[in-house]
Amino acid sequence: MAIDVNKVYTTVLSILNKKGSGYMTPDNFNKIAKVVQLELLDRAFYEYNRAVAKQTGGRGAQGAGDIPRKIMDKLDPFCQNTTLTIDSTNTYFELPGFDSSSDYPGNDLYATLSLKVNNEFTDIERVDKSKLPFLFSSKLTAPSTTFPVYYYSADLIYVFPSTITSVDLYYISKPSDPSWNSSVDTSSFGTPIYTYSGSDSVNFTLHASDESDLILGILKYFGVTIKDPLVIQATQQEEQSITQQEQ
């Protein structure tokens, strides 16, 4: 499930032109679109938390009114799982997407759902690194294969006991950066003319229901505030009509 990056780009550009709010380059659009996509993903977590709390308190509904389920439909495309194997030299697990050869390794992890012992149903409990001395101070609290623990440190996972060499990570992945790519003509009209290139562009990895909020979020960074989403729908219909006439 995705949102067409070209549809969002042309809608934002059309509204900016009508508002006289300045000039938008594809590079500016791509940078802002990346930020807004992450904002909407982060907002979905807070909305899910509130909806679950409401439902737990007996104020939820089933079927079409099941709000937590609807929000999970937005998050499901980002749910991933992978098996991590320990680095035998340094005794740690590298997160998905970690590049040790880079000055800024980074990773593809947005949020951890659970960490389990590989091929087992044993959950590995996350703890603060500062609590490890306390855990190891007694045989009763020391991590074991029955009650393992882990902590994060600089994009790496450390699991105890060290006899665990393979783990299953269930997580929310970071969305791919959206990208509106184009060919550029700088000679015909004196100003750059951008022609959309769909083959190397990247769509938004968001639920279709987030399209209006996505457009509004991008416009906000260009200093444009639109309170009525119907304006966006009207603009999109006008853009589609113009495109059909040109074809």
Side-chain angles (χ1 to χ4, degrees), residues 37-62 66-176 205-207:
Q37 178 172 245
L38 288 173
E39 287 178 348
L40 290 177
L41 176 59
D42 197 51
R43 189 177 75 180
F45 283 94
Y46 289 99
E47 290 176 345
Y48 181 75
N49 183 60
R50 288 196 298 267
V52 169
K54 183 177 180 181
Q55 193 174 67
T56 304
R59 295 184 295 152
Q62 300 298 318
D66 190 347
I67 303 302
R69 182 65 263 174
K70 288 183 177 180
I71 299 175
M72 274 307 302
D73 288 341
K74 295 182 179 183
L75 297 175
D76 278 344
F78 303 100
C79 294
Q80 306 288 338
N81 68 281
T82 187
T83 298
L84 306 178
T85 304
I86 198 167
D87 183 302
S88 57
T89 303
N90 299 297
T91 65
Y92 56 64
F93 297 88
E94 296 179 354
L95 291 174
F98 181 84
D99 182 7
S100 58
S101 63
S102 173
D103 291 335
Y104 304 97
N107 63 77
D108 295 332
L109 183 77
Y110 188 81
T112 302
L113 298 177
S114 65
L115 191 69
K116 299 180 182 292
V117 178
N118 185 231
N119 294 324
E120 298 181 21
F121 293 102
T122 304
D123 282 318
I124 307 176
E125 183 182 355
R126 182 173 179 176
V127 298
D128 294 332
K129 185 179 179 180
S130 60
K131 292 184 178 180
L132 285 176
F134 169 77
L135 293 177
F136 281 104
S137 65
S138 168
K139 291 183 179 181
L140 295 176
T141 58
S144 65
T145 53
T146 306
F147 299 101
V149 299
Y150 77 97
Y151 72 87
Y152 281 123
S153 178
D155 300 321
L156 303 172
I157 297 177
Y158 293 84
V159 176
F160 301 93
S162 58
T163 52
I164 297 175
T165 58
S166 185
V167 297
D168 292 327
L169 174 65
Y170 297 82
Y171 66 104
I172 300 292
S173 65
K174 294 176 182 176
S176 300
T205 317
L206 292 171
H207 194 273

How many angstroms lie between atom [atom1] of [X] and atom [atom2] of [Y], to the nearest 0.5 angstrom?
X	Y	atom1	atom2	result
Lys129	Tyr158	NZ	OH	7.0 Å
Leu140	Leu135	CG	CG	12.0 Å
His207	Leu41	NE2	CG	13.5 Å
Asp155	Leu109	CG	CG	9.0 Å
Asp87	Glu94	CG	CD	6.0 Å
Arg69	Gln55	CZ	CD	11.0 Å

Would you call [X] and [Y] a side-chain contact if the rule is heavy atoms closer than 4.5 Å?
X	Y	result
Leu84	Phe98	no
Pro143	Pro148	no
Val159	Ile157	yes
Val167	Tyr150	no

- After noting the C-alpha distance and the side-chain angles of Gln80 and Asp108, does the key distance pass the side-chain hydrogen bond (donor to acceptor under 3.5 Å, both in side chains) rule? CA-CA 10 Å; Gln80 306 288 338; Asp108 295 332; over 6 Å; no
- Do NZ/NE/NH1/NH2 and the carboxylate oxygens of Glu39 and Arg43 come within less than 4.0 Å?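 Salt bridge between Glu39 and Arg43, a charged N being under 4.0 Å from a carboxylate O: no.
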Any donor and acceptor pair, going by atom type alone, linking the side chain of [X] with main-chain N or O of [Y] inside 3.5 Å?
X	Y	value
Lys174	Asn107	yes
Asp128	Lys131	no
Gln37	Thr205	yes
Ser173	Phe78	yes

- Message: Taking CZ in Phe45 as the centre, count heavy atoms belonging to other residues, nucleotides or ligands within less than 6.0 Å. Is the count above 12?
- Response: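 For Phe45, atom CZ is crowded (more than 12 foreign heavy atoms under 6.0 Å).
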Heavy-atom pair with the smallest gap, counting every atom of [X] and [Y]:
X	Y	value
Pro133	Ser130	CD-O, 3.4 Å
Leu75	Ile172	O-CD1, 4.3 Å
Tyr110	Leu38	OH-O, 3.8 Å

- Task: Look at the aromatic rings of Phe136 and Phe160 and report parallel, tilted or perpendicular, splitting at 30° and 60°.
- Result: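 The rings of Phe136 and Phe160 stand perpendicular, inter-plane angle above 60°.
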Can I get a per-line list of side-chain donor-acceptor pairs under 3.5 Å for residues 114-125, giving both atom names and the distance, sequence neighbours left out?
residue	atom	partner	partner atom	Å
Lys116	NZ	Asp123	OD1	2.5
Asn118	OD1	Ser166	OG	3.3
Asn118	ND2	Asp168	OD1	2.8
Asn118	ND2	Asp168	OD2	3.3
Glu120	OE1	Thr122	OG1	3.4

- Message: Set out, in order, the CA-CA distance, both residues' side-chain angles and the distance that settles side chain to side chain contact (heavy atoms under 4.5 Å, CB included) for Tyr151 and Leu132, then state yes or no.
- Response: CA-CA 9 Å; Tyr151 72 87; Leu132 285 176; 3.4 Å; yes
- Item | Test ring-ring contact (aromatic ring centres under 6.0 Å, His included) applied to Phe147 - qualifying residues, sequence neighbours left out |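 Not a single residue meets the ring-ring contact (aromatic ring centres under 6.0 Å, His included) criterion with Phe147.
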- Query: Does one side chain, of Tyr170 or Thr82, offer a donor that lies under 3.5 Å from an acceptor on the other?
  - Reply: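 Judged by distance alone, the side chains do not pair up.
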- Query: Can you check side chain to side chain contact (heavy atoms under 4.5 Å, CB included) on Tyr46 and Ile71, steps first, answer last?
  - Reply: CA-CA 10 Å; Tyr46 289 99; Ile71 299 175; over 6 Å; no
